[in-house]
Enquirer: 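Handing you this structure, nothing more for now.
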Amino acid sequence: MNNKEIIKHCPNFYRIINFEFFEGDKLTEKLIGVYEKFIFSIDAYNPSDLLEITKLDKILAKYLDDYAFRSELKYNLLHLKLEKKEDLLRQLINSIIGIFDAYEEGNTRKIYVSKYI
């Protein structure tokens, strides 16, 4: 499978890659680099890898659109500890997916009650 096939599983690819982040925002720059490196390093014939890149694409799109999620992800990534004995890239991606899942679960449980003044 070539790169065009992989990009078909990532509908937000060009929006993510061409995102203009603030000067000095090294974390966003690195996160986009990790995204690009990971999606082109997977086994394109493995269905679970394809599902992972589709989910990662969704997560990065949410990162670009949702300020609250961006802050949550940045905070968690800055406090993340990875083990050196395993594939670091895969560990990082799994951690990002875990942070996203926890955020989504917590976000759907919050009930906002409006208050009339």
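Heavy-atom basis, side chains included; hydrogens, waters and symmetry copies ignored.
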Enquirer: If every non-hydrogen atom of L50 is compared with every non-hydrogen atom of A44, which pair is closest and at what distance?
Expert: CD1-O, 3.5 Å
Enquirer: With a 4.5 Å heavy-atom cut-off, do D101 and E104 have their side chains touching?
Expert: no
Enquirer: Mind listing the closest non-hydrogen atom pair of T54 and H9 along with its distance?
Expert: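 In terms of heavy atoms, the two residues are closest at OG1-O, 3.2 Å.
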Enquirer: Quick one: do I93 and L78 end up in the same hydrophobic cluster if we chain Ile, Leu, Val, Met, Phe, Trp and Tyr together by side-chain heavy atoms under 4.5 Å apart?
Expert: no
Enquirer: Applying a strict under-4.5 Å side-chain criterion to I, L, V, M, F, W and Y, I'd like to know whether L89 and Y35 cluster together.
Expert: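 Same cluster: L89 reaches Y35 through Ile, Leu, Val, Met, Phe, Trp or Tyr contacts under 4.5 Å.
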Enquirer: In terms of side-chain heavy atoms, does Y103 have a donor or acceptor partner in D66 at a distance below 3.5 Å?
Expert: yes
Enquirer: Can you find a pair of side-chain heavy atoms, one from D49 and one from E52, that are under 4.5 Å apart?
Expert: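 Yes, side chains in contact.
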Enquirer: Treating Q91 as the side-chain partner and E83 as the backbone partner, does any N or O pair qualify as donor plus acceptor under 3.5 Å?
Expert: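 Yes; at least one donor-acceptor contact below 3.5 Å.
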Enquirer: Going by heavy atoms in the side chains, are N3 and I39 under 4.5 Å from each other?
Expert: no
Enquirer: So I59 and K55, do their side chains get closer than 4.5 Å, heavy atoms only?
Expert: yes
Enquirer: First locate atom CD of E36, then atom SG of C10, and finally report the distance between them rounded to the nearest 0.5 Å.
Expert: 11.0 Å
Enquirer: Tell me if the centroids of the rings in F100 and Y63 come within less than 6.0 Å of each other.
Expert: no
Enquirer: Assess the residue pair E72 and K62 against the criterion (salt bridge (charged side-chain N to carboxylate O under 4.0 Å, His left out)); give the C-alpha distance rounded to whole Å, side-chain angles, the decisive distance to 0.1 Å, and a yes or no.
Expert: CA-CA 12 Å; E72 180 80 15; K62 177 127 180 120; over 6 Å; no
Enquirer: CG/D57 to CZ/F13 distance, rounded to the nearest 0.5 angstrom?
Expert: 9.5 Å
Enquirer: Taking CZ in F40 as the centre, count heavy atoms belonging to other residues, nucleotides or ligands within less than 6.0 Å. Is the count above 12?
Expert: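 Yes, the 6.0 Å shell around CZ holds more than 12 heavy atoms from other groups.
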Enquirer: Do L77 and L31 have side chains that approach each other closer than 4.5 Å (heavy atoms only, starting at C-beta)?
Expert: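 Yes, their side chains come closer than 4.5 Å.
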Enquirer: So L80 and L92, do their side chains get closer than 4.5 Å, heavy atoms only?
Expert: yes
Enquirer: Can you see which heavy atom on K74 is nearest to which on L27, and at what distance?
Expert: CG-CD2, 3.3 Å
Enquirer: Under a 4.5 Å cut-off applied to non-hydrogen side-chain atoms, are I53 and F38 in contact?
Expert: yes
Enquirer: Tell me the closest heavy-atom pair linking I16 and A61, and the distance in Å.
Expert: CD1-N, 4.0 Å
Enquirer: Check the hydrophobic clustering (I, L, V, M, F, W, Y; side-chain heavy atoms under 4.5 Å; chains of links allowed) and say if F69 and F21 are grouped together.
Expert: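 F69 and F21: one cluster.
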Enquirer: Look up atom CG in L60 and atom CZ in F19, then write down how far apart they are to the nearest 0.5 Å.
Expert: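 Answer for the CG-CZ pair, L60 versus F19, is 10.0 Å.
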Enquirer: Is F22 reachable from I17 through a run of hydrophobic residues whose side-chain heavy atoms are each under 4.5 Å from the next?
Expert: no
Enquirer: Taking all heavy atoms of D65 and all of R70, pick out the closest pair and write down the distance.
Expert: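 So the minimum-distance heavy-atom pair works out to N-NH2, 4.4 Å.
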Enquirer: Hey, is NZ on K58 packed in by over 12 heavy atoms from elsewhere, all under 6.0 Å?
Expert: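 It does not: K58 NZ has 12 such atoms or fewer within range.
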Enquirer: If you group Ile, Leu, Val, Met, Phe, Trp and Tyr by side-chain heavy-atom gaps below 4.5 Å, do Y75 and Y67 land in one group?
Expert: no
